[in-house]
Visitor: 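Sharing a structure below in structure tokens format, with a few things to ask.
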Amino acid sequence: MQLYNSMTGRKERFQPADPNRVTMYVCGPTVYSYAHIGNARPAVVFDVLFRLLRQTYPQVVYARNLTDIDDKIIQAAAAQSVPTEVITERFAAAYNADMAAMNVLPPTLEPRATQHVPQMLAMIERLLASGAAYEAEGHVLFHVPSFPGYGALSKRSREEMIDGARVEVAPYKRDPADFVLWKPSTPEQPGWDSRFGRGRPGWHLECSVMIESHLGETIDIHAGGIDLKFPHHENEIAQSACAHGGRALARFWLHNGFLDIEDEKMSKSLGNVLLPHDLLQEVPGEAIRFALLAAHYRKPLNWTRAGLDRARHALDRLYLTLRRLPGEAMPAASPPAGILAALADDLNTPKAQAALFDLAREANSTDDPARQAVLKGELLAAGNLLGLLQIEPEQWLRQGSGGEPAIDSAAIERLLVERQAARAARDFELADRIRDQLAAEGVIIEDGPAASRWRLAG
RNA sequence: GGCCGGGUAGCAAAGUGGCAAUGCAGAGGACUGCAAAUCCUCCACCGGCGGUUCGAUUCCGCCCCCGGCCUCCA
């Protein structure tokens, strides 16, 4: 398997440090509101990586954290006059529900920042002891110049970082690049007692600590959105290296590209922030997933309504193929080689999707039952690797474009029987009238030799 | 300004130093009472200009355009 390693800037052959225990960590959401579609991209993309790794290695430990202590959470809680836990519980549950709707498997572990405060304080002590951190005005700060490798991931020199700085530097910092490990909390703010006073952790620390606690000092893969490369991941690298005698935090760094909305950047000020939570009201999560996987994960993805519709129709074609194949699938021993090869090449999901259509065409072209059974099994196995095609075709084809169908399936079936009788009597005027009537309700008819099938228009 | 990524058919999106995948849309055909579905055929000279090469969309340089990031709070 080849993966593009952001640290080295090229594709490298992926070889886990321990093939019997592959470790991977993805930066998860800060749970202060619903996840937006940009948050869904890494979850979906690295879910495919998780599935692929499980296919290859006996044990994959995949941790995706929940940031449940953060100033945005504190603000949201204050605005609604509720404890922060109310906010974080609500949106952690919403996040997991949204991800599940997009066929994102639960990670092996979902550690939370607030469950690791003692470990964070312990790491702070180690960093203080080694001289990589210092106290100032109730804060504990990481001293960036103490880590010579700083900037290696984002390919930035210190000069560039300082030149680019567009915010005022807090007066208590020894170096402009220094960042907070611990900061004081006011009495109203959530906080934990420590020898530095009552406070709370800085954002970057949690990932380093939770990786150390659950996965080890050096993990195989660390992934997240490209916006996290600097400073978040750079800071994680520095902390962990200084706490671990210079040993690297991760062997492979993967970053997914950003997402635009209808050719514009997604931002609150533009008011175009799309939430899967809302999209799921009108389209199946599987369609959102397909659309997110339609572009290579490192490339920018322009999210559009048209693209989402295309994803639905593409899935229609695949599910129609599955439905028309008679008989049971022959379970595939492993996913088809074409799909595996595409994904093994730095998660080339568009190529994998193309391979899905190649299978579908072949399946639609043959009438050999044995071959059909094999291809059906391969389609299902390939779909499973991508997190697609796992529901009954009838279920997919009859879920319509959101909301309840205008007529119930019993009524549809009755009309189909009536129409079949009309066709048998060569009363095509009546048959066409029934078809038009159903079409007006969004029901598409497919006539067969003996009976007709129906599905809802997408 | 610095760093990073991208510009491939109407749309979306892979890919390769020498026939440019795939899906949707479109054209024609087969099938069908007519459709739908399905199958077959057709539809791109790969942002611009130079360079390297027998040969570049693919490598190198410059330019143009688009996007992201450029730290603690927002």
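So that the names make sense, note that chain A is the first sequence line, chain B the second, and so on, each numbered from 1.
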Visitor: Could A/R298 and A/Y4 be counted as a cation-pi pair, given that NZ or CZ must be under 6.0 Å from the ring centre and within 45° of the axis?
Guide: yes
Visitor: Can you find a donor-acceptor N/O pair under 3.5 angstrom joining the side chain of A/D260 to the base of B/rC66?
Guide: no
Visitor: Which of the following nucleotides, B/rG33, B/rU71, B/rG15, is nearest to the side chain of A/K351?
Guide: B/rG15
Visitor: Distance check, C1' atoms only: B/rC72 and B/rC49, in whole angstrom units.
Guide: 46 Å
Visitor: Within the structure shown, what part of the strands sits under 4.0 Å from A/D358 by heavy-atom distance: base, sugar-phosphate, or nothing?
Guide: sugar-phosphate
Visitor: Students often get this wrong, so: under 4.0 angstrom with heavy atoms, is A/F428 touching a base, only sugar-phosphate, or nothing?
Guide: base
Visitor: Pick the nucleotide of RNA chain B nearest each of A/L301 and A/R423; which residue has the one closer to the 5' end?
Guide: A/L301
Visitor: Is there a donor and acceptor pair, one atom on the side chain of A/D432 and one on the base of B/rG33, closer than 3.5 Å?
Guide: yes
Visitor: Could you measure between the two C1' atoms, the one in B/rG61 and the one in B/rC73, and give it in whole Å?
Guide: 44 Å
Visitor: Would you mind telling me which of B/rC40, B/rG33, B/rG6 lies closest to the side-chain atoms of A/R361?
Guide: B/rC40
Visitor: Taking atom P in both B/rC24 and B/rC64, compute the distance separating them and give it to the nearest angstrom.
Guide: 39 Å
Visitor: In whole Å, measure the gap between the C1' atoms of B/rU52 and B/rG68 for me.
Guide: 32 Å
Visitor: Is a donor-acceptor contact shorter than 3.5 angstrom present between the side chain of A/R435 and the base of B/rA35?
Guide: yes
Visitor: Do the charged groups of A/D309 and A/R305 touch, with an N to O distance under 4.0 Å?
Guide: yes
Visitor: Given 3.5 Å as the limit, does a donor-acceptor pair link the side chain of A/R41 with the main chain of A/F258, or not?
Guide: yes
Visitor: Any idea which of B/rG5, B/rG15, B/rA74 is nearest the A/Q75 side chain?
Guide: B/rA74
Visitor: Please determine if A/K183 and A/E137 form a salt bridge, counting it only when a charged side-chain N lies under 4.0 Å from a carboxylate O.
Guide: no
Visitor: Roughly how many Å apart are B/rG1 and B/rG10, using the C1' atom of each and rounding to a whole number?
Guide: 38 Å
Visitor: Between A/R251 and A/E12, does any side-chain N to carboxylate O distance fall below 4.0 Å?
Guide: no
Visitor: Which nucleotide in the list B/rA37, B/rG67, B/rC72 gets nearest to the side chain of A/V180?
Guide: B/rC72
Visitor: Which residue, A/H296 or A/I445, contacts RNA chain B at a nucleotide closer to its 5' end, judged by nearest heavy atom?
Guide: A/H296
Visitor: Name the closest nucleotide to the A/F258 side chain, picking from B/rG5, B/rC69, B/rG23.
Guide: B/rC69
Visitor: What integer number of Å spans the P atoms of B/rU53 and B/rA14?
Guide: 33 Å
Visitor: Base, sugar-phosphate alone, or nothing: which one does A/R317 contact when heavy atoms must sit under 4.0 Å apart?
Guide: sugar-phosphate
Visitor: Which of the following nucleotides, B/rG5, B/rC72, B/rC69, is nearest to the side chain of A/Y172?
Guide: B/rC72
Visitor: So, A/D47 and A/R51, do they make that salt bridge, N to O below 4.0 Å?
Guide: yes
Visitor: Under 4.0 Å, heavy atoms only, any strand: does A/R323 hit a base, just the sugar-phosphate, or nothing?
Guide: nothing
Visitor: In whole angstrom, give the distance that lies between atom CG of A/L397 and atom P of B/rU38.
Guide: 11 Å
Visitor: Nearest of B/rA14, B/rC3, B/rA36 to any side-chain atom of A/I444?
Guide: B/rA36
Visitor: Give me the distance, rounded to whole Å, that separates B/rG23 from B/rC4 when you measure between the C1' atoms they each carry.
Guide: 30 Å
Visitor: To the side chain of A/R310, which of B/rU71, B/rA14, B/rG23 is closest?
Guide: B/rG23
Visitor: Roughly, in whole Å, what's the span from CD1 in A/I74 to P in B/rC73?
Guide: 11 Å
